[in-house]
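Notes to accompany the following structure.
First the proteins, then the strands, lettered A, B, ... as listed; each starts at 1. Both backbone and side-chain heavy atoms feed into the values below; hydrogens, waters and symmetry mates do not.
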Amino acid sequence: MSVHPETETGAQAGTANTPEEGVYSFAAMEAKWPQVWEDLKVFTPLDDGSRERRYVLDMFPYPSGDLHMGHAEAFAMGDVVARYLRQKGYDVLHPIGWDSFGLPAENAAIKRNAHPSEWTYTNIDTQAASFKRYAISADWSRRLHTSDPEYYRWTQWLFKRFYERGLAYRKDSPVNWCPKDLTVLANEQVVNGACERCGTPVTKKSLNQWYFKITEYADRLLDDMSELQGHWPERVLAMQRNWIGRSEGAHVRFVIEAAGRRPEKEVTVFTTRPDTLYGATFFVVAADAHLALDLVTPEQHDELMAYREKVKALSEIERQSTEREKTGVFTGRYAINPLNGEKLPVWAADYVLADYGTGAIMAVPAHDQRDLDFAKAFGLPVRAVLETGAEDPAESGVATSGEGTLKNSGELDGLSKAEAIPAAIEILEKLGTGEKFVNFRLRDWLLSRQRFWGTPIPIIHCAECGEVPVPDDQLPVTLPQDLRGEALAPKGTSPLAAAAEWVNVECPNCGRAAQRDTDTMDTFVDSSWYFLRFVSPHYTDGPFDPAKINEWMPVGQYVGGVEHAILHLLYARFFTKVVHDMGLLDADEPFSALLNQGQVLNGGKAMSKSLGNGVDLGEQLDKFGVDAVRLTMVFASPPEDDVDWADVSPAGSAKFLARAWRLGQDVSSAPGVDFSGGDRALRTVTHRTIAEAAVLLDNNKFNVVVAKLMELVNATRKTIDSASGAGGADPAVREAAEAVAVILSLFAPYTAEDLWNQLGHPASVANAGWPVHDDSLLVQETVTAVVQVQGKVRDRLEVAPDIAEDALRELALASDNVQRALDGRGIRTVIVRAPKLVNIVPA
RNA sequence: GCCCCAGUAGCCCAAUUGGCAGAGGCAGCGGACUUAAAAUCCGCAAAGUCAGGGUUCGAGUCCCUGCUGGGGCACCA
């Protein structure tokens, strides 16, 4: 489809370069310009310090098939920012690469009896071609793929540095296990108790796994969000805050009395309510924690074991259901309340989680609903220690958690809840049985995966020496090439274990026979530092060039979907902080600003294969052209809002583009003409548009910029067609058309380039530079002052923009309409906001 | 249950951060061009801002309560 302009009307000068005389043809433009841009290296940063640098980054894609509408939206947004900053004169780094390790490639390889790299790199080539067609202003010379050995060599190098700092370690722990993908999952990859990838309910499995100690950075990850405030979407910060889950309270140590041959034992609990310590009537440990086994008396042992079996059989989804009846078993032991010496029965239950806090709690049923439910189920006592005015929880069955005054609490009696919390902590500290403690919900990052297509963990296991890191000069540990097809099928252990030749090596330490670690890294490890690699992707002496890294980092504008609000963004922040602490990087936050583009929907729903409501990007590009699709993405709504493809009109965008392009057909003045004699009204519109567009772009209001651009095009058209003026020969028309070309180049690079060319300028419009607006042209000769009486508009006055308040007040009071509205009433106040408004308040 | 975001013409969205509710687009209607249609061009109409209360000379904008929709966390001690 091409959009044809109306029949030519005359002005023919300046159209010599038109590909096909007078016809807007996106196909011709798409065929013509990519080569020109490539030859001119328009989008390769100078990287020489001659200009201020800016780093603009889109979250790099995973190579699953060809690009889709979601990519088109995200990359359209990021490209607006990159192209705008380039026009503003910055040296812009806007790279592209692929997050190319991951399960889909492996599954495809099993199905096709191939190596995952085949599927991966074929898809990457397809996507790369599509990106080029889509005219992303990327520096292709910096292209990288995380599955290239040249890349993952440095992922392994970084892993080793983490290991040396004690930030990468192995431990036995019950982990999330996906029974379909047959691999472990990080907490972040479990959504509502199910695998985020395939939706299979997750089970627990006890395994020895590699972890990154992200919890050591919990405080900083939380505190440093203050730097991001205002530059990151509030909801992303809220999600991270939630996820980190900082909780202030106290650790309290309880002595568990000796029983028979079981010796006395001290157990610590975490509580946010140390003020309610006198209300503790029992004690609970997580049934699945080892602690339960340590405590249980021989008499209760069988009962506990039976209960643990039952708990294990529950799926995560069942276990997390809040409607479940409370269950548990008595352990036969008693804990001593450190404040009043009271004996509390110790129970084991599954409502206490082994991996939160200390896996044990003091139960205060009067003031905690879960404890109350448990107490009622097992006939345990309830004692209120906080008078809130509500009914006694023992009677009502509703725990009271609000404000109140302490009672039945010895020295704490009479204090408010807010006073009692620190007071209780102070008492505990004096007794030496507790102290203030800040607990986090965040768990360490489980990074090992029992799958093939990922970065091998560069560790060798030696019977003599234990864990031995592969020496730096032997990196990368590359994946074997000979495993393919069925050999990659998930078995619950890594497929790498079957590659005997690969696994069996000499210990780098003692030379004896040893084995490689056969797990691979979570792909989120790969993507936690790729933005650093882009600064110097071909550097061979380290993960990045130390001479360059601080010139570009941090990323000034990061663009991507909100689905990565926690996972990728939290991990990348963690990695950045560690690399910073290693002294390799000045920045300690990777992304100064974040833009979450919305989703592309169709008919109110996310596009999906199962719904069959997908819109094919390729078809849209064929039908409307790249520029129209890009413009539609940007114009439809604010960047962070969803775009419903059923609600928008790529045809409308195409119409506008043809309209803008046709301005070039009608401009008949020569390039370089003096604009000063041009139509004043149009010049004002042009300069106002330039000024407003810059402000709007600085605030990511791309959709509004497009609207302003449409106004400018309309105004220019009017001037050309006006019978009274000079039409296409008016220098103001050229000035306007040139501004249109430059601003349009952010959204519709082909049309803008072609327009620029029609206007007689050499390529590329991307280098034209942002037009400088003339403030004197923005000053209007008169402005409309609104005159209100009691807030209602009663008159409008044309006044000079610099009118004095007094003069405006006089004019307003003299207005007939005002006098009529006042209807003889006196005047109480007159508010004057010269030159725009007068509000007269009658008595 | 706790937390975050958003409700403005039929639809997608603007509104200089407290100062005339409307910039732009889609859809609609009328007209020009056409043998006709498409395309193109010109023009028109359309809401008082989810509801209620408050602050103010003045509220779409600030505050409170509620409703609706979207999202996050959740047996987290």
Can a side-chain donor-acceptor contact be found between [Y] and [X] if the only test is distance below 3.5 angstrom?
X: Thr400(A); Y: His367(A); result: yes
X: Glu798(A); Y: Thr784(A); result: yes
X: Trp232(A); Y: Gln240(A); result: no
X: Arg717(A); Y: Asn714(A); result: no

Round to a whole Å and report the spacing from [atom1] of [X] to [atom2] of [N].
X: Asp644(A); N: rG25(B); atom1: CG; atom2: C1'; value: 15 Å
X: Asp373(A); N: rG1(B); atom1: CG; atom2: C1'; value: 13 Å
X: Trp243(A); N: rC73(B); atom1: CH2; atom2: C1'; value: 9 Å
X: Asp666(A); N: rC41(B); atom1: CG; atom2: C1'; value: 13 Å
X: Phe624(A); N: rA39(B); atom1: CZ; atom2: P; value: 12 Å
X: Lys655(A); N: rC26(B); atom1: NZ; atom2: P; value: 4 Å
X: Leu797(A); N: rG19(B); atom1: CG; atom2: P; value: 20 Å
X: Arg370(A); N: rA77(B); atom1: CZ; atom2: C1'; value: 5 Å

Worksheet item: Using 4.0 Å as the upper bound for N to carboxylate O, is an ion pair formed by Asp219(A) and Arg246(A)?
Response: yes
Practice prompt. If a pair satisfies salt bridge (Lys or Arg N to Asp or Glu O under 4.0 Å) and one of its residues is in residues 351-363 of chain A, list it, with sequence neighbours excluded.
Written response: none
Which atoms of nucleotides 3-13 of chain B (N or O only) lie under 3.5 Å from a protein N or O atom, and what are those distances?
residue: rC12(B); atom: O2'; partner: Ala636(A); partner atom: O; Å: 2.4
residue: rC13(B); atom: O3'; partner: Asn703(A); partner atom: ND2; Å: 3.2

Practice prompt. Let me see the working for Gln229(A) and Glu234(A) under side chain to side chain donor-acceptor pair (under 3.5 Å), right down to the final yes or no.
Written response: CA-CA 7 Å; Gln229(A) 206 90 43; Glu234(A) 189 47 48; 2.8 Å; yes
Item to complete: Let me see the working for Ser653(A) and Thr632(A) under side chain to side chain donor-acceptor pair (under 3.5 Å), right down to the final yes or no.
Response: CA-CA 6 Å; Ser653(A) 298; Thr632(A) 302; 2.8 Å; yes
Work out how far the [atom1] atom of [N] is from that of [M], and round it to whole angstrom.
N: rA38(B); M: rG28(B); atom1: P; value: 11 Å
N: rG18(B); M: rG54(B); atom1: C1'; value: 15 Å
N: rC12(B); M: rG30(B); atom1: C1'; value: 24 Å
N: rG52(B); M: rG60(B); atom1: P; value: 13 Å
N: rG48(B); M: rA14(B); atom1: C1'; value: 15 Å
N: rA39(B); M: rA21(B); atom1: P; value: 37 Å
N: rA15(B); M: rA9(B); atom1: C1'; value: 14 Å
N: rC13(B); M: rG7(B); atom1: C1'; value: 13 Å

Discussion item. Of the options rU16(B), rC42(B), rC73(B), whose atoms approach the side-chain atoms of Arg717(A) most closely?
Written reply: rC42(B)
Discussion item. By nearest atom, which of the nucleotides rG71(B), rA77(B), rC41(B) is closest to the Thr272(A) side chain?
Written reply: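 Of rG71(B), rA77(B), rC41(B), rA77(B) is nearest to the side chain of Thr272(A).
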Considering every strand shown, what is the Watson-Crick or G-U wobble mate of [N] when both distances are under 3.5 Å?
N: rG1(B); result: rC73(B)
N: rA6(B); result: rU68(B)
N: rU35(B); result: none
N: rG19(B); result: rC57(B)
N: rG43(B); result: rC29(B)

Can you tabulate the close N/O pairs, meaning under 3.5 Å, that link protein atoms to atoms of nucleotides 56-60 of chain B?
residue: rC57(B); atom: O2'; partner: Asn839(A); partner atom: ND2; Å: 3.4
residue: rC57(B); atom: O2; partner: Asn839(A); partner atom: ND2; Å: 2.4

Practice prompt. Start with the C-alpha gap between Tyr571(A) and Trp445(A), add the side-chain angles, then the distance that decides, and say whether ring pair (Phe, Tyr, Trp, His ring centres under 6.0 Å) holds.
Written response: CA-CA 9 Å; Tyr571(A) 294 151; Trp445(A) 171 11; 3.6 Å; yes
Item to complete: Check the chi torsion on rG48(B) and let me know: syn if it falls within 90° of 0, anti if not.
Response: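 Classified syn.
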Discussion item. With syn defined as a glycosidic angle within 90° of 0 and anti as the rest, where does rU55(B) land?
Written reply: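 For rU55(B), whose glycosidic angle is more than 90° from 0, the conformation is anti.
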Item to complete: Give Thr784(A) one of three labels, base, sugar-phosphate or nothing, depending on what nucleic acid heavy atoms sit under 4.0 Å from its own.
Response: base
Worksheet, complete the sentence: Judged by nearest nucleotide, the residue sitting upstream toward the 5' end of RNA chain B, Ala707(A) or Arg441(A), is Ala707(A)
Worksheet item: Of Asn714(A) and Ile361(A), whose nearest nucleotide on RNA chain B comes first from the 5' end?
Response: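 The 5'-side residue here is Asn714(A).
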Discussion item. Ring-plane angle category for Tyr351(A) and Phe374(A), please: parallel below 30°, perpendicular beyond 60°, tilted otherwise.
Written reply: tilted
Worksheet item: Between Asp444(A) (side chain) and Thr215(A) (backbone), is there a donor-acceptor pair under 3.5 Å?
Response: yes
Fill in: Side-chain heavy-atom pair Ser637(A), Asp642(A) within 4.5 angstrom cut-off
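In short, these two side chains do not touch, never coming nearer than 4.5 Å.
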